[in-house]
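Here the structure is laid out as structure tokens; the discussion comes afterwards.
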Amino acid sequence: MPNLVKLPGLVDPHVHLREPGATQKEDFETGTKAAIAGGFTTVLDMPNNPIPTTTAEALRQKMDLAKGRIYSDVGFHFGASKESIQYFAEVEDQVFGLKLYMNHTTGELLIEDDQILEEVFSTWTKEKPILVHAEGETLQKALSLANKFGNKLHVCHVSLKEEVEMIKAAKQNGLQISAEATCHHLFLTEEDAKRLGPFGAMRPPLRSKKDQVALWQGIAEGIIDMIGSDHAPHTKEEKMSSEKVPNGVPGLETTLPLLLTAVNEGKLTVDKIIELTSKNPRQIFNLPEQRETFVEAEITKPYTLNPNHLFTKAGWTPFAGMKVTGKVKKVVLRGAIAYDGQSVFGPYGQVLKLDTGSFYG
Ligand code: NCD
Ligand code: ZN
């Protein structure tokens with residue numbers, strides 16, 4: 001095996017950069033530095049901010065805040081709520097998808113009412129995916145709605161064997177559906193959750209070995225189309241506070257090292273990583289090309305994941321102490337060195353808009 005591999009700039013379809021409103025956890029600068037250091041030159045940001053991205057004005061403010069401060073390119077997802085439906089037509093050109101929470105998680109966004117769900121699915125453009133947080137049985141409901149109204153559906157953080165099976169069947173029935181898995185569900189199980197305590201608390205939670213095996217099988221069979229980090233940073237203090245533990249773990253800087261480790265273990269190939277982290281998300285979210293953009297990573301030298309070497313404000317990782325083989329050595333974004341294996345340079349990132357395949361501003 002060669003020691004160095006070259007990959008196209010990675011895409012993460014699922015990150016929480018936390019700005020505006022929770023900048024003690026992360027902000028556009030630290031979150032996109034973490035992205036670049038992790039090999040991600042494009043990330044798509046989620047709308048569950050304290051003031052959620054559910055109005056055209058909130059989206060505009062977010063884009064303005066990000067402009068000039070981001071190290072990777074950033075695109076946005078809009079949030080689904082009863083009140084946000086009125087803005088769908090206005091924002092659909094500016095975002096990559098609509099995030100719909102059908103289960104409880106961080107933030108106030110959740111729709112359980114069937115009539116409102118029908119309105120969301122029928123009103124949202126059929127050109128762009130609805131990204132659902134829908135676990136277990138709830139996923140069946142999301143699939144039926146997408147089938148009824150003809151939507152593109154993207155299933156976030158698939159974690160259960162039964163979900164993999166539902167997605168497989170839906171794909172066989174011709175639904176326009178894509179699916180994502182996270183590295184925490186691929187590399188950790190409920191056994192690790194005991195050891196990790198609050199630092200292993202996330203939604204969906206860590207699952208059984210049987211579920212984990214089903215996810216890897218889903219990747220091999222092309223049922224899982226991409227990897228999303230679900231980078232959801234919270235501070236150590238927040239995680240350790242005696243009140244309710246917030247769910248979510250950071251993931252931008254550990255995803256590629258873990259995936260490359262799986263190559264070393266014979267569970268993935270480099271081509272498969274490129275498919276999962278670049279080819280498929282670019283196609284499914286219709287992302288603009290990034291010229292002269294690539295990542296170089298070392299893939300044979302073992303080292304231990306160290307939380308002190310992270311750019312995320314979280315400053316911790318559930319993978320601390322894990323032996324990996326796979327280290328990002330260089331990231332080039334549109335011809336400029338954005339990361340040299342140690343420092344992040346820039347900011348060279350741009351706010352992405354989809355309508356013209358061009359950039360905002
Ligand atoms: C996410 C967060 O903290 O924003 N938490 C999580 O456990 N995944 C919420 C989410 O992704 O739904
Ligand atoms: Zn998330």
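Counting convention: from 1, in listed order, for ligands and their atoms alike.
- In summary, the atoms of ligand 1 found under 4.0 Å from a heavy atom of Met202, numbered by their order in the structure, are 7 (O).
- The residue Val249 has no part lying near ligand 1, judged by heavy-atom distances below 4.0 Å.
- In this structure, NE2 in His157 is found 11.0 Å from CE in Met202, a value given to the nearest 0.5 Å.
- For His157, no nitrogen or oxygen atom sits less than 3.5 Å from a nitrogen or oxygen atom of ligand 1, counting backbone and side chain alike.
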- Candidate pair Lys141 and Glu137, rule salt bridge (charged side-chain N to carboxylate O under 4.0 Å, His left out), full reasoning: CA-CA 7 Å; Lys141 193 166 173 181; Glu137 271 313 295; over 6 Å; no
Just list the side-chain donor-acceptor pairs under 3.5 Å for residues 265-274, sequence neighbours left out, or say none.
unit_1	atom_1	unit_2	atom_2	d
Thr269	OG1	Lys272	N	3.0
Lys272	NZ	Ile219	O	2.9

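- The shortest N or O to N or O distance between Gly248 and ligand 1 is under 3.5 Å.
- Note: the hydrophobic cluster containing Leu259 does not contain Leu310 (ILVMFWY, side chain heavy atoms under 4.5 Å, direct or indirect links).
- With a 4.0 Å cut-off on non-hydrogen atoms, Asp230 touches ligand 1 through its side chain and not its backbone.
- Among residues at least two apart or in separate chains, ring-ring contact (aromatic ring centres under 6.0 Å, His included) pairs with a member in residues 201-222 are Phe187-Trp216.
- Contact check for Leu17 versus Val15: side-chain heavy atoms found under the 4.5 Å cut-off.
- Residues Leu7 and Phe294 form no side-chain contact, since every pair of their non-hydrogen atoms from C-beta on lies 4.5 Å or further apart.
- In this structure, His234 is part of the shell of residues with a heavy atom less than 4.0 angstrom from ligand 1.
- Those atoms of ligand 1 with a heavy atom of Ala232 less than 4.0 angstrom away are 1 (C), 2 (C), 3 (O), 5 (N).
- With a heavy-atom cut-off of 4.0 Å, Arg18 touches ligand 1 through its side chain alone.
- Listed by number with element, the atoms of ligand 1 under 4.0 Å from a non-hydrogen atom of His14 are 11 (O).
- Note that Lys327 lies in the cation-pi zone of Tyr303, set by a 6.0 Å cut-off to the ring centre and a 45° limit from the axis.
- Residue pairs meeting the salt bridge (charged side-chain N to carboxylate O under 4.0 Å, His left out) criterion with at least one partner in residues 236-250, sequence neighbours excluded, are Lys25-Glu238.
- Contacts with ligand 1 closer than 4.0 Å are made by side-chain heavy atoms of His16 only, the backbone lying farther away.
- Cluster membership check: Leu100 shares its hydrophobic cluster with Ile116, using side-chain heavy-atom separations under 4.5 Å among Ile, Leu, Val, Met, Phe, Trp and Tyr.
- Protein contacts to the Zn ion (ligand 2) involving N, O or S atoms at a distance below 2.8 Å are His14 NE2, His16 NE2, Asp230 OD1.
- The only option from Gln283, Lys171, Lys279 that meets the side-chain hydrogen bond (donor to acceptor under 3.5 Å, both in side chains) definition with Asp225 turns out to be Lys171.
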